[in-house]
Protein chains: 2
Amino acid sequence: MATGRTHRPATRSRGIPEATVARLPLYLRALTALSERSVPTVSSEELAAAAGVNSAKLRKDFSYLGSYGTRGVGYDVEYLVYQISRELGLTQDWPVVIVGIGNLGAALANYGGFASRGFRVAALIDADPAMAGKPVAGIPVQHSDDLEKIIQDNGVSIGVIATPAGAAQAVCERLVAAGVTSILNFAPTVLSVPEGVDVRKVDLSIELQILAFHEQRKAGEGAASDGGVPAAAARSESADQGPDGDMPAVMPA
Amino acid sequence: MATGRTHRPATRSRGIPEATVARLPLYLRALTALSERSVPTVSSEELAAAAGVNSAKLRKDFSYLGSYGTRGVGYDVEYLVYQISRELGLTQDWPVVIVGIGNLGAALANYGGFASRGFRVAALIDADPAMAGKPVAGIPVQHSDDLEKIIQDNGVSIGVIATPAGAAQAVCERLVAAGVTSILNFAPTVLSVPEGVDVRKVDLSIELQILAFHEQRKAGEGAASDGGVPAAAARSESADQGPDGDMPAVMPA
DNA sequence: CTATGTGAATTGCTTCACAGCC
DNA sequence: GGCTGTGAAGCAATTCACATAG
């Protein structure tokens with residue numbers, strides 16, 4: 001609204017659709033790649049292609065942030081990187097703890113993508129005393145007895161749970177009690193959290209099951225062609241652009 | 001059940017909404033837990049709570065599959081487990097290959113959730129010759145030179161990419177050329193695939209960025225109340241149930 | 001009387017198409 | 001002339017509320 005001639009976009013920070021928020025990191029990544037190649041400006045068409053969406057959607061998304069483009073020209077890459085980073089809150093540094101340093105926790109600790117975008121692994125926590133002190137990704141693992149102290153000392157508000165399913169709810173409750181208000185959950189369980197706490201879930205097996213569903217369809221319907229090679233073809237239904245399937249999170253209490 | 005005067009539910013297998021498909025694995029997990037506890041029947045209300053959705057949504061979702069409940073009673077747990085499994089294609093066995101056996105690939109190979117639901121890790125593939133033959137999760141890693149042969153010999157149609165971003169597109173193309181039609185991508189890149197190939201993406205850093213966005217909001221707006229405890233309140237917009245934010249996949253060519 | 005199954009209403013997201021500005 | 005920004009139209013998903021079956 002406002003179509004503001006006022007300097008400040010006006011729309012800023014109020015009611016950006018969830019679907020748009022979920023795409024901002026995608027745009028940011030594409031823009032960062034352009035920035036590294038020193039590309040100065042980019043059109044909605046080009047950027048959309050790089051991010052894997054269509055250009056109308058991208059322009060609409062950006063319109064929620066403000067008018068950051070130049071008509072007839074496109075978007076200034078650096079400027080847009082900055083604006084999206086700011087909107088996502090990545091201009092500040094977010095200390096994160098990872099709880100559960102098994103295979104997955106270790107993989108997460110080693111994952112470069114965190115550090116590169118405003119996230120800092122402040123601590124690794126595990127319930128196994130044998131792990132304590134052992135460095136993973138250069139960070140010594142701490143025992144979960146000290147969880148609350150670690151959270152508070154580091155001002156952590158984002159926690160990552162990579163424990164077995166059985167331990168996840170208890171860990172979640174301790175994190176929340178200690179002050180964490182956003183949780184990324186890799187354990188295959190539904191977490192109950194009080195209002196005001198956000199949970200996002202990543203579940204490997206769920207993603208595979210969704211693929212299996214579509215895979216089954218292909219075999220049942222389309223195929224028949226012969227048997228060996230899949231033979232793409234047919235079904236424009238699920239095949240084309242991007243039906244946003246997904247389970248978000250943000251659980252009720 | 002079956003109220004159907006036609007035997008076949010009629011709605012079967014045609015046009016189940018993506019959003020519903022994405023929730024079926026959630027229901028299935030909750031049902032499996034009930035089944036293990038030998039609970040015979042469950043109401044939409046109870047099951048919805050266990051799956052973290054509301055009951056109206058659950059009933060609507062199930063209505064796309066058919067009429068599998070009993071009015072005044074609820075759903076037969078075992079029967080529903082079977083129906084959903086069948087709908088998702090989990091009554092058959094899906095051989096899967098994991099490409100890129102780094103930290104994450106190894107974690108995936110060790111992840112029990114795969115095997116437990118119709119998925120079988122048929123092969124682990126890595127480009128590093130030093131890895132070849134080394135067993136991970138009891139499965140010997142094979143060199144990527146043999147990728148095509150492995151896919152074909154095992155009849156693999158689902159591939160998991162856990163390589164570095166730079167290698168992902170090339171791996172993807174080889175998988176597709178060899179006959180894979182569904183890909184689960186953990187590399188932080190947009191994959192281009194021909195029509196008819198499904199891609200789902202899991203991106204750790206994107207999930208964190210979405211959390212950071214909401215976290216920033218909490219700090220900026222709501223807070224003020226005191227500082228320590230989050231204080232829930234306000235913002236019914238993002239806080240309550242489950243806005244399905246997410247980036248799907250299924251790229252255009 | 002209870003809890004499912006589902007049309008109808010609502011809300012939110014995407015796509016279209018073009019006015020506005022460079 | 002070209003490309004952004006955005007109302008308006010079109011779709012899809014969610015929620016409501018109640019008829020219907022057990």
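Source: prediction; values computed, not measured. Only heavy atoms go into these numbers, but all of them, side chains included; no hydrogens, no water, no symmetry mates.
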Mind checking side chain to side chain donor-acceptor pair (under 3.5 Å) for [X] and listing every partner two or more places apart, or none if nothing turns up?
X      : result
A:S85  : none
B:T189 : none
B:N185 : none
A:S43  : A:E46

Rounded to whole angstroms, how far apart are [atom1] on [X] and [atom2] on [N]?
X     : N      : atom1 : atom2 : result
B:K57 : C:dT6  : NZ    : C1'   : 17 Å
A:Y79 : D:dT4  : OH    : C1'   : 15 Å
A:D61 : C:dG12 : CG    : P     : 16 Å
A:Y68 : D:dT6  : OH    : C1'   : 16 Å
A:L58 : D:dC3  : CG    : C1'   : 12 Å

(message) Applying ring pair (Phe, Tyr, Trp, His ring centres under 6.0 Å), can you list everything that pairs with B:Y82, at least two apart in sequence or on another chain?
(response)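 Partners of B:Y82 under the ring pair (Phe, Tyr, Trp, His ring centres under 6.0 Å) test: none.
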(request) Mind checking ring pair (Phe, Tyr, Trp, His ring centres under 6.0 Å) for A:Y75 and listing every partner two or more places apart, or none if nothing turns up? (result)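 Once residues adjacent in sequence are excluded, the partners of A:Y75 under the ring pair (Phe, Tyr, Trp, His ring centres under 6.0 Å) criterion are A:F62.
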(message) So, does A:Y75 get its side chain near the phosphate of D:dG5, meaning an N or O under 4.0 Å from OP1 or OP2?
(response)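 Yes.
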(request) Going 5' to 3' through nucleotides 16-22 of chain C, assign each nucleotide B (protein heavy atom under 4.0 Å from a base atom), S (under 4.0 Å only from sugar-phosphate atoms) or - (no protein heavy atom that close). (result) -B-BBBB
(message) Can you list, in residue-number order, the parts of residues 37-47 of chain A that come under 4.0 Å of DNA chain D, counting heavy atoms only?
(response)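 By residue number: A:S43, A:S44.
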(request) Identify whether any heavy atom of B:F62 sits under 4.0 Å from a base atom; if not, whether one sits that close to sugar-phosphate; answer base, sugar-phosphate or nothing. (result)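 Nothing, no nucleic acid heavy atom in range.
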(request) Dot-bracket for DNA chain C, please, read 5' to 3', with Watson-Crick or G-U wobble pairs under 3.5 Å on both distances, ( ) within the strand, [ ] crossing, | other strand, . unpaired. (result) ||||||||||||||||||||||
(request) Any salt bridge (charged side-chain N to carboxylate O under 4.0 Å, His left out) involving residues 61-79 of chain A? Give me the pairs, sequence neighbours left out, ordered by first then second residue. (result)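 Applying salt bridge (charged side-chain N to carboxylate O under 4.0 Å, His left out) to every pair that reaches into residues 61-79 of chain A, excluding sequence neighbours, yields A:R23-A:D61.
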(message) Test side-chain hydrogen bond (donor to acceptor under 3.5 Å, both in side chains) on A:R59 and A:S44; report intermediate values, then the result.
(response) CA-CA 7 Å; A:R59 287 200 305 277; A:S44 63; 3.2 Å; yes
(message) Side chains of B:S205 and B:Q209 only: does a donor on one sit below 3.5 Å from an acceptor on the other?
(response)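 A pair is found: one side chain offers a donor N or O, the other an acceptor, under 3.5 Å apart.
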(message) Suppose we screen for side chain to side chain contact (heavy atoms under 4.5 Å, CB included). Which residues come up paired with B:A48, at least two apart in sequence or across chains?
(response)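 For B:A48 the side chain to side chain contact (heavy atoms under 4.5 Å, CB included) partners, ignoring immediate neighbours, are B:V53, B:S55, B:L58.
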(message) Tell me which pairs pass side chain to side chain donor-acceptor pair (under 3.5 Å) where either residue lies in residues 160-173 of chain A, with sequence neighbours left out.
(response)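 Passing the test, one end in residues 160-173 of chain A: A:Q169-A:E173.
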